[in-house]
Amino acid sequence: MFNSDIFNFMKPKNELENQGEWAESRPFIPDELWVKCPACKNMILTSDLEDNLKVCSKCGHHFRTNARYRINITVDEDSFKEMDADLVSENILDFPEYTRKLKTSKMSSGENESVICGTAEIEGSKTVLCVMDSSFMMGSMGTVTGEKITRAFEYATENNLPVIVFTVSGGARMQEGILSLMQMAKTSGAVKRHSDKGLLYITVLTDPTTGGVTASFAMEGDIILAEPKALIGFAGPRVIEQTIRQKLPKDFQTAEFLLEKGFVDAVVNRKDMKKTLSKLLKLHSKEGI
Amino acid sequence: MSAIDKVNAARANNRPTSIDYINKIFGDSFIELHGDRKFGDDKAIVGGIAKLNDMPVTVIGIEKGRNLKERMERNFGSAHPEGYRKALRLMKQAEKFRRPVICFVDTSGAYCGIGAEERGQGQAIAENLMEMMTLKTPILTILIGEGGSGGALALAVADEVWMLENAIYSVISPEGCASILWKDSSKTAEASECLKITSQDLFSMGVIERIIREPKDLDSKLFDGLKHIIAQTVSKKLEQPIDVLLDNRYNRFRKFGKDSATYLRNDE
Ligand SMILES: [Zn+2]
């Protein structure tokens, strides 16, 4: 089947080729009056979509949202206190185009990095909250992403707080080379220390969560929730198709698929997310409300 | 040697694989132990117990196979979740019996396929990263060929990580990087340079503690020397109090990004 000469071309593909899968899929930007639902193809009034938590009222499709919107619909009003907001990445490896990419990402997303961290209250329960943002370099994990998440966990460990992380990521950030990979170990270490102190960690996987984030803190929660139909995987579907040279089964790598395979605790609709998180936080609170 | 030369050397079919290292360093003291106790036995990862001089150690290696038949059997060293779970099982066993863990890494990456996803490739790697960080016994990892991203890191959350001179360690394959960056997968040489994947680059970034010089032919001199420094290093680590060992391990990884992150200056 194989011979050693063609081996180099036919070797199994791996997660290294995973990046960029999502490069061209832009997050939803509400700059028009009407928007077409990618799932049911109906036209929806943008303002209706905004009022409905960016969920299609016809078919229930969950549109992608940016991190600030997510925080707004999840936490009690004015309770979010951001940490490390002004931490920014540098082009440490002098990687081609990276300086420019960072600049354009900052401008288009309005954020300094691919994750926003802070403390917040959810129906009165205090928690540390990290929310990734797909509009910043597709939520890729650079050293600052890893640093912010690690600091958030260290803060929570020190202050006996639970942590909730909303993930969305195309994976590691190639432009930071091996230092991006090291963030997987670094964040996992911080999660472990938090866990060893008996503290609660909830992850909410949103569309899409892949690569190095899936292979680290996204899958390390005590409780793992996911939004309906969110794509969740280690390798991206295109990479897998290229590797195995066949079409993937329908619903492969969706939140529902992971639920069936035993890797997600519950698939939760966006409208029920705040309530669900609040319930879980209260069930783990030391005061036992 | 340029970065692309090293990529080719690291992938060369005649390069010694983990089994060669295990045979040459531990001889017939090695007893292979199979299976993850959950799903199956992944032949892409070899593990077991051996004696290093008089010291029992747990040895785990990602195995690419030494000829075409073996390579196909071992899925070219691309492990499935059960491979990483087998490795973790053996590490937990090592912890129980206070044996040091020695890992040999040689993989283009964790496997991407339907079964791998169905059985939680991401979850398996994530669990290894988390558990290795606090495993109460010394861990030493040696990258002998390709260190392909998360699939390599899943055996490299160690107290020390060493690299053969011509091994590589990277977050993405040069081909993958080139096709994203320049939409041209043939520009692997340029991508190899940009990614900083050679042992020299990684040593200067503090990602590895030691470069193992490679003689022209990877012969017994190399293995004897390696055996000696492995024994010396793990015995020293064994003497450290566990909390010191684990603090050092945490900080070993904690440092990456602490310095590179800068705060926005007000004038920006
Ligand atoms: Zn719809």
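Quick note on labels: first sequence line is chain A, next is B, and so on, each numbered from 1. Note: hydrogens, waters and symmetry copies are ignored here, and every other heavy atom, side chains too, is used.
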Would you check if there is a donor-acceptor pair between the side chains of [Y] and [X] at a distance under 3.5 Å?
| X | Y | answer |
| --- | --- | --- |
| B:E165 | B:S199 | no |
| B:Q121 | B:E117 | no |
| B:Y169 | B:E146 | no |

Item to check | When B:L181, B:D201, B:I197, B:N67 are compared by non-hydrogen pairs under 4.5 Å with chain A, the top option | outcome: B:L181

Checklist entry - Who wins among B:V157, B:L153, B:V207 for the most heavy-atom pairs under 4.5 Å with chain A? => result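 Result: the option with the highest number of such pairs is B:L153.
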
Checklist entry - Given that the side chain runs from C-beta out, which part of B:R249 has a heavy atom under 4.5 Å from chain A: side chain, backbone, both or neither? => result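 Neither part.
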
Checklist entry - For B:I168, is it the side chain, the backbone, both or neither that has a heavy atom under 4.5 Å from a heavy atom of chain A? => result neither

Proximal component of [X], with respect to chain B [non-hydrogen, under 4.5 Å]:
| X | result |
| --- | --- |
| A:A218 | neither |
| A:E241 | neither |
| A:L93 | both |

Checklist entry - With a 6.0 Å cut-off on ring centres, are A:F263 and A:F257 close enough? => result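 For A:F263 and A:F257, the ring centres are not under 6.0 Å apart.
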
Checklist entry - On the ring face of B:F39, is B:R85 found with NZ or CZ under 6.0 Å from the centre and within 45° of the axis? => result no

Next on the checklist: As an exercise: rank A:D196, A:V191, A:T150 by heavy-atom pairs under 4.5 Å with chain B and give me the winner.
Outcome noted: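 With the most close heavy-atom pairs to chain B, the winner is A:T150.
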
Checklist entry - Picking from A:M182, A:M184, A:E113, which has the most non-hydrogen pairs under 4.5 angstrom with chain B? => result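 Looking at each of A:M182, A:M184, A:E113 in turn, A:M182 comes out on top.
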
Next on the checklist: For B:K43, I'd like to know if atom NZ has over 12 heavy atoms of other residues, nucleotides or ligands within 6.0 Å.
Outcome noted: no

